[in-house]
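Worth knowing before you read on, the calculation uses all heavy atoms, side chains too, and leaves out hydrogens, waters and symmetry mates.
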Amino acid sequence: MQQVRQAVLLGFLQPGDRLPLIREVVEDLAINPNTVAKVYRQMEQENLVTGRPGQGTFVNEQQSAVMSASTYTSLRRGLAT
């Protein structure tokens, strides 16, 4: 969830971008499907994403956040690792 949040703040994920399907995340990262589903639900509750039945989960329009250059650099480094 932290990676998705950082990617949105840094502009790597734009409003309307589709997140990978739960099944795809499970296959790629070998994580329990219930864990991935729980994180997706939590992101929906925080209004970070919206699930559309039969279509997937999409990034919502976010309020513009002003961040310092050091915060941006720190987030970028964290996302890269």
ILVMFWY cluster, Met43 and Val26 together (side-chain gap under 4.5 Å): yes
By side-chain contact (heavy atoms from CB on, under 4.5 Å) - contacts of Glu46 (at least two apart): Met1, Arg5, Gln42
Got a sec, which residues hit side-chain contact (heavy atoms from CB on, under 4.5 Å) with Gln14, two or more places apart in sequence or on another chain? Asp17
Under 4.5 Å between side-chain heavy atoms, hopping through other hydrophobics if needed: is there a path connecting Val39 to Val8? yes
Heavy-atom closest contact (Val49 atom, Tyr40 atom, distance): CG2-O, 4.2 Å
I need the Glu27 CD to Ile22 CD1 distance, nearest 0.5 Å. 12.5 Å
Do Val36 and Val4 belong to the same hydrophobic cluster, where Ile, Leu, Val, Met, Phe, Trp and Tyr are linked whenever their side-chain heavy atoms lie under 4.5 Å apart, directly or via other members? yes
Could you measure the distance from the CG atom of Leu48 to the CG atom of Leu13? Nearest 0.5 Å is fine. 8.5 Å
Using the rule that Ile, Leu, Val, Met, Phe, Trp and Tyr join whenever any side-chain heavy atoms are under 4.5 Å apart, tell me whether Leu9 and Phe12 fall into a single cluster. yes
Contact between Thr57 and Arg18 at the side-chain level, heavy atoms closer than 4.5 Å - yes or no? no
Residues that Thr50 engages under side-chain contact (heavy atoms from CB on, under 4.5 Å), provided they are two or more places apart: Asn60
In short, Gly51 meets Pro53 closest at the heavy-atom pair O-CD, 3.8 Å
Over 12 non-hydrogen atoms of neighbours within 6.0 angstrom of CD in Glu24: yes
